[in-house]
Amino acid sequence: MKHRFLVLLSLTLFFGQNIICADAPAVRERININRDWRYLENDPAGVDSALHYFQLKPYLLPCANDFIIFGKKHQRPEGNPGASVAYVKPDFDDSGWRQLNLPHDWAIEGPFNIDYTGSTGKLPYWGIRWYRKTFESVESDAGKQIYLDIDGAMSYASIWCNGQYVGGWPYGYASFRLDLTPYIKVGQKNVLAIRLDNPDDTSRWYPGSGIYRNVWLVKTSPIHVEQWGTFVRNVRINSENAIMEMGVNVENRTEKDVQVELQTSIYLQDENGHPVGEEVSQSVAKNITIQKDSWASTRFQFEVANPKLWDVDTPNCYVVVSRVFKDGQEVDNYKTPFGIREIKFTHDQGFMLNGRKVPIKGVCMHHDLGALGAAFNEVAAERQLRIMKEMGVNAIRTSHNPPAPELVSLCDRMGLMMQLELTDTWQKGKRKNDYNILFDDWNEADMRSMVRHYRNHPSVIMWSIGNEVPDQMTDQGIIIARNLTAYCHDEDPTRPTSLGCNKRDAIFRDIVNQVDIFGLNYFHKTYPLFKEQNPTRRYHASETSSATSSRGEYFFPVTTDVNDSRSGFQLSSYDMTTIGWGCAPEAQFKMNEEYPFMSGEFVWTGFDYLGEPTPYNKDLTNLLNFSDSGELEKARKELEELGKIKTPSRSSYFGIVDLCGFPKDRYYNYKSYWRPDVPTVHILPHWNWEERVGEMTPVHIYTSGDAVELFLNGKSLGRREKVHSYDRLIWDDVRYEPGTLKAIAYKNGQKWAEEVVETTGMPATLQMTPEKTVLRNDGTDLLFIRVAVVDSKGRVVPRSKNHLKFSVSGPAEIVATDNGDATSLLPFQLSEREAYNGLALVILRGRYMEQGKVVLTVESKGLSKQKVVLKVE
Ligand code: GAL
């Protein structure tokens, strides 16, 4: 019999004292076990064919402990499922299996296959795969709780320890914990076996595969703070002080009732997540009784004087160090990072942060990291966020699933707000093996665990219970929305829920009343209707724009006709056309200004991502994709002969930056509008059009100024003034002649910014620009190097596609190369590829624990070879 105790304590506050030392001895250990796993790519003998996930469905124990009632109680199966499978046995010889480190996404290794659908990213992510890990337990593990924390495994993970079935979790985006304690052999060798069973056709984008996030062993005393067992929230904030309330759940895994004391110290947190300086507040809760094999919940308040608020420009974070004492001895030490800030969505002014209106300048992001696939890497994720922030982004929507934990911490530290989303489907699926298969059994567990996991993070401003779920139009959908919102509020009463809807008529249904903020995907023109329909309802623009383009491609004549802005499976970067449901960035900016109650926007998408290469996401049975008459004729013939044409596109065109993180022209449109105080002027297209001499070649300009004068070869082509802050300035009547385009932007009558675009010479050499020069040798640090094909004057040659070959000497390896071309089916791991419109990317990793000089060389036929010298330390 489990009981829940709530011990409400009187407020015990001490200010300015430094009684507790934050760096207590390691009563709790969190050990990363990413290194040295064995991996079985296929199962030729069909050894485990009996273990299909549907047969095992009830086995998947939700969590380490049945203390936490994550929704439906999933019973542990009788006996020891899978025990007869050789791979789970501790003495199985896995030396023939491949050795690798996690995080690992098997599918990113390819090979690409043009016959796969666009949603797959043309990569083989499905199948049954096994991972095994041997690790030593130490004598001091005796009497401890040993947990396995998996931040994400794609998908349907089942786990055995020393041949004993432990449990698992099916949703590939969920983070979960299993209790290994009953199975661990203290002081001996232990073996984990993990089986993944990733079905095909699970989503509209590339889901990735494998144990693609971090894995940890957590060792605690039997009396410890439970998983995600703390919650810090504001009670009242003003400039003098912040009164915070905190809840702490402490578990007692012993066979006796115990009494514990909880000492809580609050510190400012540094950028590495560590407490710094003197403690800023403290409280003590004595005599907490916890019955045997149960847990107790303690709630108390603390005060922070002169609080440093978390905000997008000043992302101050604090950390609570909770220390549990039994009989005067410390038995646990648990850190809870948090931030002090106030969030509010209003029905008229939109979103407010710390009492002021902050329009959301958000982007939707899928979870893949481009050429690295879904395998999570904090350095790569931080780079993505940095590129977005530099453009002016202040919010990220983790479409359409729970993120990696480190991403949320990065957003805390970088001042980016977040909307965390549960899923793309409820009971009605969009794909054969979508989340709808799991929905009934797992939605409560998945929803609660996501909220509980992230409810202390200041970056998180709302929970999304779903995206464009077909159930939005059904009566059952109303009940589901009500339940999901209730789970969120139960775990976290401080943040609103939202649901991204794409059916305009959903606003006339009761589903709008089941979430706090109604999310509208697209339909920007209907904002007035929304306001009229319910003037006091709170809305937000959960998804916008969906503009598509390929970096550096321009097709003529410049048109708003979608068919003419396509060619060779690329899309024009003049950004004049959109897919049916989308709109150009400016059209959305206009609505954001006119209807502030919508709170800003989350653009689809910040980065290009693997899968969903709309509009080239189907085998071609139409000829729309060819504007060139020769190509069209060729395609027509091919169609006749084959009945179809194969589409090579494997990644999206929606990104404001390409898959490498290189800006497309749209980037400067967003930057100009989102960062009006930063001098920006950007000219498009490039000016290498030798075949267009004398032809109309429109010039478009994005600027944060209010007027621009354009010059061609020194001659003014006139000055254009903006009418609205979001306008782009267009010169339609420019006849191409080689030379120099120069744009001078003005703001309030003063010169504001200048840009020059020149006709370049032929490719002469290569230019490598590393984003840093020193790599840490921790086996995870990455270094991104931009490679450009340049002419003799060092100018990037816009349409160059020179074949590049890379080699590296010293203690580093090339992890991946890319060029942002959505149609390339060359493996990302290759150390050669073409430049795409002048650019390519190389990603290097330092060898684990090695040090020394690294030389990266790039060669290309006819161009002078280049080297860059780097260091691993
Ligand atoms: C939305 C959807 C996104 C993506 C986008 C493409 O409707 O929510 O996942 O598919 O369309 O425009």
Side-chain angles (χ1 to χ4, degrees), residues 117-121 173 201-208 362-368 374 395-403 419-426 428-431 434-436 462 464-473 477 498-507 511 515 517-526 539-550 562 565-566 571 575 577-585 587-588 601-618 649-659 664 666 822:
T117 61
S119 57
T120 61
Y173 297 102
D201 210 7
T202 48
S203 62
R204 300 178 297 111
W205 60 91
Y206 172 75
V363 285
C364 302
M365 297 279 273
H366 270 312
H367 71 308
D368 74 66
I396 304 287
R397 172 184 183 222
T398 65
S399 44
H400 303 296
N401 40 258
Q419 184 199 59
L420 303 192
E421 191 153 75
L422 178 68
T423 172
D424 197 41
T425 58
W426 292 346
K428 289 181 179 293
K430 299 176 185 171
R431 287 286 182 266
D434 234 321
Y435 184 67
N436 66 311
M462 67 180 132
S464 167
I465 62 172
N467 173 64
E468 298 188 353
V469 292
D471 324 49
Q472 70 194 274
M473 298 302 281
S498 177
L499 171 68
C501 283
N502 62 333
K503 301 280 178 218
R504 203 192 65 146
D505 288 351
I507 56 159
I511 192 128
V515 285
I517 321 279
F518 190 67
L520 187 66
N521 286 8
Y522 309 97
F523 292 112
H524 60 293
K525 291 192 182 140
T526 60
Y539 296 100
H540 88 110
S542 36
E543 204 172 301
T544 61
S545 188
S546 269
T548 43
S549 57
S550 309
V562 70
S565 65
R566 306 175 182 194
L571 292 152
D575 294 333
T577 58
T578 62
I579 44 170
W581 54 95
C583 68
Q588 182 65 39
E601 63 174 314
F602 283 99
V603 181
W604 192 266
T605 47
F607 264 67
D608 270 335
Y609 52 94
L610 296 166
E612 209 182 30
T614 309
Y616 302 118
N617 50 355
K618 296 195 177 66
S649 307
R650 47 68 168 155
S651 50
S652 81
Y653 301 83
F654 290 117
I656 304 172
V657 303
D658 71 14
L659 205 67
K664 300 181 187 173
R666 266 185 289 147

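Order of listing sets the numbers, starting from 1, for every ligand and every atom in it. One-based numbering along the sequence shown.
The protein atom (non-hydrogen) at minimum distance from atom 12 (O) of ligand 1 is Ser546 OG, 2.5 Å. Of all protein heavy atoms, the one lying nearest to atom 2 (C) of ligand 1 is Glu543 OE2, 3.1 Å. Closest protein heavy atom to atom 10 (O) of ligand 1: Glu612 OE2, 2.4 Å. The protein atom (non-hydrogen) at minimum distance from atom 7 (O) of ligand 1 is Glu468 OE2, 2.5 Å.
For Asp575, the salt bridge (charged side-chain N to carboxylate O under 4.0 Å, His left out) partners two or more places apart in sequence, or in a different chain, are Arg666. Considering only residues two or more places apart in sequence or on other chains, Glu543 meets the salt bridge (charged side-chain N to carboxylate O under 4.0 Å, His left out) condition with Arg397.
Note: Tyr616 and Tyr653 have perpendicular aromatic rings, judged against thresholds of 30 and 60 degrees for the angle between ring planes.
Of all the heavy atoms of Asn467, the ones lying under 4.0 Å from any atom of ligand 1 belong exclusively to the side chain. Proximity of Trp205 to ligand 1, defined as any heavy-atom pair under 4.0 Å, is not found for any part of the residue.
Using a 4.0 angstrom heavy-atom cutoff, Trp581 counts as in contact with ligand 1.
Centroid-to-centroid, the aromatic rings of His524 and Trp581 stay 6.0 Å apart or farther.
A distance of 10.0 Å separates OG1 in Thr578 from CZ in Phe654, rounded to the nearest 0.5 Å. Interatomic distance, CG of Asn467 versus CG of Leu422, reported as 11.0 Å (0.5 Å rounding).
Residue Tyr522 has at least one heavy-atom neighbour below 4.0 Å for each of these atoms of ligand 1: 1 (C), 5 (C), 7 (O), 11 (O), 12 (O). Near Ile579, with a cut-off below 4.0 Å to any heavy atom, the atoms of ligand 1 are 12 (O). Which parts of ligand 1 touch His400 is read off a 4.0 Å heavy-atom cut-off, strictly below it: atoms 3 (C), 8 (O), 9 (O).
For ligand 1, one of its N or O atoms has an N or O atom of Arg204 under 3.5 Å away.
Here the rule is side-chain contact (heavy atoms from CB on, under 4.5 Å) with Leu571, and of Ser649, Pro613, Ser550 only Ser550 fits it.
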side-chain contact (heavy atoms from CB on, under 4.5 Å) evaluation trace for Thr425 with Arg204
CA-CA 11 Å; Thr425 58; Arg204 300 178 297 111; over 6 Å; no
